[in-house]
2 protein chains.
Amino acid sequence: MRAQPGRSVTSKVLALLAVFTPASPALTLSELARRAGLPLSTVHRRVAELVEWGALERGDDGRYRIGLRLWEVGSLAPRGLALRELALPVMEDLYEVTHENVQLAVRQDLELVFIERIAGRYAVPVLTRVGGRFALHATGVGLVLLAHAPAEVQEQVLAAPLERYTDLTITDPRRLRGCLAEVRRVGYAVSDRQVTMDALSVAAPIRAPEGVLAAISLVVAHDRADPVALAPLVQAAGRVLSRALGASRRPPPARVPLPPDQRRQ
Amino acid sequence: MRAQPGRSVTSKVLALLAVFTPASPALTLSELARRAGLPLSTVHRRVAELVEWGALERGDDGRYRIGLRLWEVGSLAPRGLALRELALPVMEDLYEVTHENVQLAVRQDLELVFIERIAGRYAVPVLTRVGGRFALHATGVGLVLLAHAPAEVQEQVLAAPLERYTDLTITDPRRLRGCLAEVRRVGYAVSDRQVTMDALSVAAPIRAPEGVLAAISLVVAHDRADPVALAPLVQAAGRVLSRALGASRRPPPARVPLPPDQRRQ
DNA sequence: CGTCGAACTTCCGCTGGGTGAAAGTGCCGG
DNA sequence: CCGGCACTTTCACCCAGCGGAAGTTCGACG
C-alpha cells in the first residue's frame, strides 16, 4: 500500500476519535479526514464501522458526533464517573455550606482534567467544563495535583514555559517550586487571581493508598474570599474522600525525595 | 491468517472496549481475551496500543480499566454530558422542591440509558446507575421514551417478551400498547410499582425539533406518592428543557401514524 | 434547466500490518 | 527445585485494509 508504514489500523481509529474536541463536537466526513490526516476513503470505511457499533452517531445534518455507546463505556473509567459518584455527595455538602463553585479534578499527563463541577447560580463564573483540560501551574486543583505528582512530572512542567493567564500567574519556575513545597507543607493550595482577575480558589488533595488521586476545590470571587477560612472546609472534604478511598489517616511520606530548595540539579 | 474472515481489526478493538461493564470494570489480559473471544496474543497487541493512547489504563494490580482519555472523548457525546449540562439545573430545581430522586434518560436502541441521577439521601433507594441501561417497558422514563419512539422500535419491543419485575409490571403487549397511547395523550407517564414494589415514578418527555430526545422523571416511595400532583412539576421541567432545545411550544404531531386501537396488524 | 463544485460513496488490484500457534520469560506457591 | 499460571515475544503466512480514481448525489448559481 501507499500508506506510510508504522500507522496501525488501531491508531487510525483512535485518531478519528481524538479529533473530536469540545470546540468541534460535530464534524463532517471530510473534516474528520482532514483533521486526522487520513485519506477520505479510509475514513469512510472506519467511520462506518464506528457508527455501526455506536462509537459515533450521524446526525440529520450528516455530521458525525461521539455516540452514546462510547459515553457509556467511558463512564466506566474509575478516575471518571466512579470518582465522581464517590465525591458528589461531599461536593454537594460543600456547596450547601458555601454556595460557591465546587470543582473536582485529576491529573492526566502534564495537564488536569475536570471530573465534576457544581456551579453556583450566583457564584463567580468559571470557564471550566466537565471533561475539559487545563494547565497544572495556575489553578488551585492544579497546584495540589502538581505538588503531589511524581518528581519527573514536576520537572517536565517546570522545564516547559509556564503560560501566563493574569499578572499574578506564577511563571517563574523557581517561585513555582517554592509554591509547591508550601502546598505540600500546609496541605492545601491557594490560587489568588492566577487564572482570572476575579476568582480565587482553595484546593485540597484527595489521597488513595497509592498517592494523591484527585483534588477538590472551592472557587470564589477574590474580593469576598478568605482563603484561611475556606481551607479547613476544603481540607475536611478532601480528608473524608481520602478515607473513603482507603488512605491511612496520616498522609504518606512526601512523593518528592528532597525538599525543592535542596535539589540543585 | 487463520482468523475467521469478516472480523475486522476495528471490530476487535471495539469488542475489547465492550467487555468492560459496570459489573466488571477491571479485567486482566486473559479475562479480556476470554470475554472478547480473541486469542491472547492478538489482545496483547491491541491492548498495548489502547493503553498507549489512553483508552485503557493498567493498574498496579496488572488489571486493565477504561482510561480517562476515553472518558474525555465520551464526554463529548451530545446525548451524554451535553444533555446533562443542560438538564442539571432543572433537575436540581426539581430536587429542591421535592427532595426525591430525579432521573434523566435517553433511548438507545431497544433500551434506555440513564444520563444523570440526583439521589436524595432520604429518598427511596433506586437501583439505577449513571451510564446504566434498563428495559423500556417498565420505568416512567422508559414508557415516555417508548411511547414517542419510531413505530418500528415500538413494534420490536412489543414483539419481544416483556420481562416481569413485579406483579404490576405490564407484560401483555396489548395492555402496553394502550398504556403508551395514554402516555402520548396525557403527556406524561406513571409507573406504579412496575420495577420495584416500593417505588413509583412520574416521567415527562423532553422534545427537540426532531422529536422526543430524552425523558425526565421523579421516583418516589409509592405510599407517599400522588402522581397527579407530581405530574405538572415533571411536565414543567420537561417543557423548560424542550424549549431550551428549540422545540416549538406545541408538541409536534404524533410520531405514530394511527392510534393504537386502530392498528390491527 | 444545465453546469459546476463539494461532499460523499464505491471500485479494484496490490501489499504490509495483523495474525495466532508456539516458544520464551517471569513470578509465585508448594 | 519444579510446576503452573499469566504475560510477552517470535515468525512465516496472507487477507483485510489500503488509497487513487471513478461514480454519484445534492445544492448553489447563473
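No experiment lies behind these values; they were computed from the predicted model shown. Proteins get letters first, then strands, A, B, ... in listed order; numbering begins at 1 in each.
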The side chain of Leu40(B) is closest to which nucleotide in this list: dT9(C), dT8(D), dC18(D)?
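The answer is dT8(D).
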Quiz item: Which listed nucleotide (dC7(D), dA21(D), dG17(D)) is nearest to the side chain of Ser41(A)?
Solution: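 Closest nucleotide among those given: dA21(D).
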Arg69(A) and Glu72(A): salt bridge (Lys or Arg N to Asp or Glu O under 4.0 Å), yes or no, with the steps? CA-CA 5 Å; Arg69(A) 183 85 187 270; Glu72(A) 283 183 66; 5.2 Å; no
Note: Leu16(B) and Arg46(B) closest approach over all heavy atoms is CD1-CB, 3.8 Å
To the nearest angstrom, how far is [X] atom [atom1] from [N] atom [atom2]?
| X | N | atom1 | atom2 | answer |
| --- | --- | --- | --- | --- |
| His44(A) | dG20(D) | NE2 | C1' | 16 Å |
| Arg45(A) | dA21(D) | CZ | C1' | 13 Å |
| Arg7(A) | dG17(D) | CZ | C1' | 14 Å |
| Leu16(B) | dT19(C) | CG | P | 10 Å |
| Leu38(B) | dG20(C) | CG | C1' | 11 Å |

Would you say Lys12(A) places a side-chain N or O within less than 4.0 Å of OP1 or OP2 belonging to dG17(D)?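 No, outside the criterion.
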query = Counting only side-chain N and O atoms of Ser8(B), is one of them less than 4.0 Å from OP1 or OP2 of dA16(D)?
reply =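 No, because none of the side-chain N or O atoms of Ser8(B) sits under 4.0 Å from OP1 or OP2 of dA16(D).
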(message) So, taking the atom named CG in Leu29(A) and the one named CZ in Arg58(A), what distance separates them when rounded to the nearest 0.5 Å?
(response)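 Reported to 0.5 Å precision, the distance equals 6.5 Å.
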When rounded to the nearest 0.5 Å, the distance separating CZ of Arg79(A) from CD of Gln108(A) is 5.0 Å
| message | Can you pull out the residues from residues 26-33 of chain A that lie within a 4.0 Å heavy-atom distance of DNA chain C? | response |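 When residues 26-33 of chain A is checked for heavy atoms under 4.0 Å from DNA chain C, the hits, listed by number, are Thr28(A), Leu29(A), Ser30(A).
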For Ile216(A), which of Val240(A), Ile206(A), Ile115(A) qualifies under side-chain contact (heavy atoms from CB on, under 4.5 Å)?
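Exactly one pass, corresponding to Ile206(A).
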To the nearest 10 degrees, the angle between the two end axes of the helix from dC1(C)-dG30(D) to dG30(C)-dC1(D) (five pairs per end) comes to 40°
Could you check which residues of residues 58-69 of chain A get a heavy atom under 4.0 Å from DNA chain D? Sort them by number, please.
->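 Result for residues 58-69 of chain A: none.
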### Flag if over 12 foreign heavy atoms under 6.0 Å of CG, Asp61(A)
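Atom CG in Asp61(A) is packed in, count exceeds 12.
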### Message
What's Arg46(B) touching, base or sugar-phosphate or nothing? Going by heavy atoms closer than 4.0 Å.
### Response
sugar-phosphate
